[in-house]
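Numbered from 1 within each chain, the chains take letters A, B, ... in sequence-line order.
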Amino acid sequence: MKNEKLLEIKDLYAQYNTDEDIVYAVNDLSLSLDRGRTLGLVGETGAGKTTTCLSILRLLPERIGEISKGEIIFDGMDILSLSEDEMRKIRGKDIAMIFQDPLSSLNPVYTIGMQIGEVLKYHGIYKDDQAIENRVEEMLDLVGLPKERKNDYPHQFSGGMKQRVVIAMALACEPKLLLADEPTTALDVTIQAQVLKLMNELKERLQTAMILVTHDLGIVAEICDDVAVMYAGSIIEKGRIEDIFEGQVHHPYTVGLFASIPNLKVKTRRLSPIDGLMPDPADLPKGCTFNPRCPHRMEVCKTEEPPCVMIGEEHMVKCHLFASKEGGRP
Amino acid sequence: MTKFIIKRLLMLIPVLLGISFILFSIMNLTPGDAATLLLGDSSKPEAVEMLREELGLNGGFFERYFNYIGNILLRGDFGISYRTKNPVFTEVFTRFHYTLRLAFAAIAISSILGVLLGILSAIKQYTAPDNIITAITLGLTSMPDFWLGLMLIILFAVKLRILPISGATSWKHFILPGFTAAANYLANTIRMSRSSMLEVSRMDYIRTARAKGVPEKDVIFKHTFKNALMPIVTLVGVNMGWQLGGTIIIEQIFGIPGIGSLMIQSIRLKDVPVVIGCVMFVALLSSLINLATDIIYMYIDPRLRAQFAKVKKKAVTAND
């Protein structure tokens with residue numbers, strides 16, 4: 001597989017305009033993803049991970065959500081300048097999304113067979129109904145559900161099985177990019193492992209690129225090729241999986257994130273959390289957004305936004321600590 | 001499913017018996033005597049006594065009640081109107097079709113228009129069409145039906161002379177009363193459809209549908225509408241029950257000899273068999289409408305269907 005860029009996001013800003021105030025959910029986010037690779041997007045709840053995925057699909061809540069600045073280039077197309085109808089043709093066919101909660105992401109009044117078949121029908125890949133039926137059965141088989149169950153309704157399935165249906169639905173058109181928004185969070189651990197294994201297998205078989213949103217670093221270590229750490233709407237560190245898990249130099253937030261994972265080998269009485277809370281996205285601190293919680297805070301952090309510093313070939317850290325060594329933005 | 005329907009139909013028997021007993025007691029407790037009312041105050045006591053004997057008003061309360069029920073159960077005889085001496089059955093049926101026509105007009109107008117405007121209002125939330133529809137809704141609920149009826153008569157029958165003032169001889173006679181009766185239901189249906197559509201449109205599965213590339217038209221009419229239908233069906237069912245019960249005021253204004261005016265007349269003259277006949281008939285219809293509503297629920301929502309369907313097939317489970 002050639003290392004060709006499939007998705008490139010440049011300086012993306014997304015915000016929610018609520019009645020009370022403006023919530024800055026995504027701020028100056030840039031990332032790129034090659035075909036067939038998997039990017040892990042990690043960060044706390046509210047870091048803007050889901051908003052980033054919804055922005056790629058242009059599915060931010062109507063009237064409230066808004067992409068205020070930036071560019072999203074997918075497969076050579078400028079997503080943000082497409083018409084609504086052109087965008088609709090991409091959704092489900094070229095870019096598919098698996099949502100966080102499988103329990104509520106299936107329509108309760110239609111059979112799962114109809115819901116999987118619908119994707120195929122609207123994208124006109126399969127012409128006649130029989131071909132669609134066959135493909136639905138094939139997809140169910142692929143995710144390990146018996147095909148006799150295609151005429152059953154969502155309430156007749158367990159949580160793990162529903163998530164398999166959602167995955168079958170997302171992969172039915174063999175999308176180039178799969179956005180998986182915490183696909184396993186709502187599932188219990190044993191099912192989690194099964195679903196991840198399934199996604200990994202399918203990804204390899206179909207050569208789909210994937211953005212995996214999660215706050216579980218274990219999952220990231222297992223399936224991702226690249227990792228981006230998000231904090232308060234922007235990526236503060238990104239790199240290959242080795243860079244993040246084994247590299248020596250890290251953003252203070254990433255250090256905190258890893259330190260907060262309980263270590264089974266060392267006996268400790270307490271967990272070590274990062275002090276403080278994620279800033280209110282409607283009222284972000286000046287300078288570096290992490291500065292109020294940062295153990296290495298300097299004067300400059302309070303006033304100036306930190307530059308993106310390249311530590312290795314692909315390892316980027318957005319922090320003032322390393323700016324002096326590298327001399328700012330590369 | 002069949003079992004459920006039979007069960008519900010059997011449950012109607014105690015309901016109707018209860019209603020008949022309560023009505024019989026109430027009519028018995030209210031002052032006034034049917035024979036005196038029929039003959040007039042100045043009639044001779046002997047004549048009144050004779051009529052009482054003839055109408056069977058002289059027995060004790062329970063004796064009369066059980067006679068009444070016995071006649072219904074054994075002979076299907078609902079008694080004879082004190083006033084016209086016709087069988088109650090004929091009395092009710094000769095009047096009922098007027099009420100039925102009026103109800104049909106009102107429900108058709110309110111449901112079809114209500115659902116369409118409600119959906120439009122929901123899709124265009126917080127924009128001009130939504131605001132206009134909301135204003136209309138407010139107007140419709142605030143106008144009392146007797147006032148609206150009279151205004152419509154003045155406008156369409158007196159000034160424009162395109163529709164008849166009153167009576168019930170052609171379909172044209174049902175347009176104004178139909179609209180008058182529909183006004184309130186229409187407002188309710190619009191509000192209900194709007195809020196139900198908005199509620200469903202915020203669900204995760206609607207976002208899933210969009211993410212799949214389903215065109216907006218199908219997101220609204222297929223994915224959202226079918227889920228939003230439950231409360232709308234409930235409301236239409238309730239409205240229909242009310243409407244079939246006879247809208248006394250509207251029937252009076254437009255001179256429609258429906259079941260509502262029959263009931264009022266009969267209550268005034270203490271024509272007990274007709275009153276009870278009417279009410280039992282309306283109660284029966286309302287119960288049947290409720291049953292129909294429940295059956296429609298099951299058609300819409302597979303989760304409800306599952307509760308009543310027999311577990312006929314062993315569920316095929318995945319290795320989950």
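Looking at heavy atoms from C-beta onward, B:M203 lies out of side-chain contact with A:S104 at the 4.5 angstrom threshold. Residues A:E118 and B:D218 are not in side-chain contact: their nearest non-hydrogen atoms beyond the backbone lie 4.5 Å or more apart. In this structure, B:K222 and A:M114 have side chains that are in contact, with non-hydrogen atoms separated by less than 4.5 Å. Taking the side chain as every heavy atom from C-beta outward, B:D204 and A:F99 never approach each other to under 4.5 Å.
Proximity to chain B (any heavy atom under 4.5 Å) is shown, for A:M87, by neither the backbone nor the side chain. For B:R207, the parts lying near chain A are the backbone and the side chain together; criterion is any non-hydrogen pair under 4.5 Å. For A:R63, the part lying under 4.5 angstrom from a heavy atom of chain B is the side chain only. With a threshold of 4.5 angstrom between heavy atoms, A:L54 approaches chain B through side-chain atoms but not through N, CA, C or O.
Across every non-hydrogen atom of A:Y153 and B:R305, the tightest pair is OH-NH1, 3.6 Å. Nearest approach of B:A211 to A:L57, heavy atoms of both residues: CB-CD1, 4.2 Å. Of all the heavy atoms in B:P302 and A:P108, the pair that sits closest is CG-O, 3.1 Å. Of all the heavy atoms in A:H123 and B:K212, the pair that sits closest is NE2-O, 2.9 Å. Residues B:G213 and A:Y122 approach most closely at O-CB, 4.0 Å, considering heavy atoms.
Interface with chain B: from residues 130-137 of chain A, no residue qualifies, criterion being any non-hydrogen pair under 4.5 Å.
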Side chain to side chain contact (heavy atoms under 4.5 Å, CB included) for A:M97 and B:R210? Distances and angles first, verdict last.
CA-CA 10 Å; A:M97 184 155 175; B:R210 288 211 173 89; over 6 Å; no
Test log, rule side chain to side chain contact (heavy atoms under 4.5 Å, CB included), inputs A:N107 and B:N227
CA-CA 8 Å; A:N107 197 326; B:N227 280 286; 2.6 Å; yes
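Listed by first then second residue, pairs satisfying salt bridge (Lys or Arg N to Asp or Glu O under 4.0 Å) with a partner in residues 282-295 of chain B read B:R8-B:D294, not counting sequence neighbours.
Remark: the A:Q115 side chain and the B:H223 side chain contain no N/O donor-acceptor pair separated by less than 3.5 Å.
Under the 3.5 Å distance criterion, the side-chain polar atoms of B:Y205 are left unmatched by any main-chain donor or acceptor of A:L103. Under a 3.5 Å cut-off, the side chain of A:S105 and the backbone N or O of B:T208 do not form any donor-acceptor pair.
More than 12 heavy atoms of other residues, nucleotides or ligands lie within 6.0 Å of CE in B:M151, so this atom counts as buried by the packing criterion. Heavy-atom neighbours of A:K162 NZ from other residues, nucleotides or ligands within 6.0 Å: above the threshold of 12. Heavy-atom neighbours of B:I112 CD1 from other residues, nucleotides or ligands within 6.0 Å: at or below the threshold of 12.
If you take CZ on A:R88 and CD on B:E216, they are separated by 10.0 Å, rounding to the nearest 0.5 Å.
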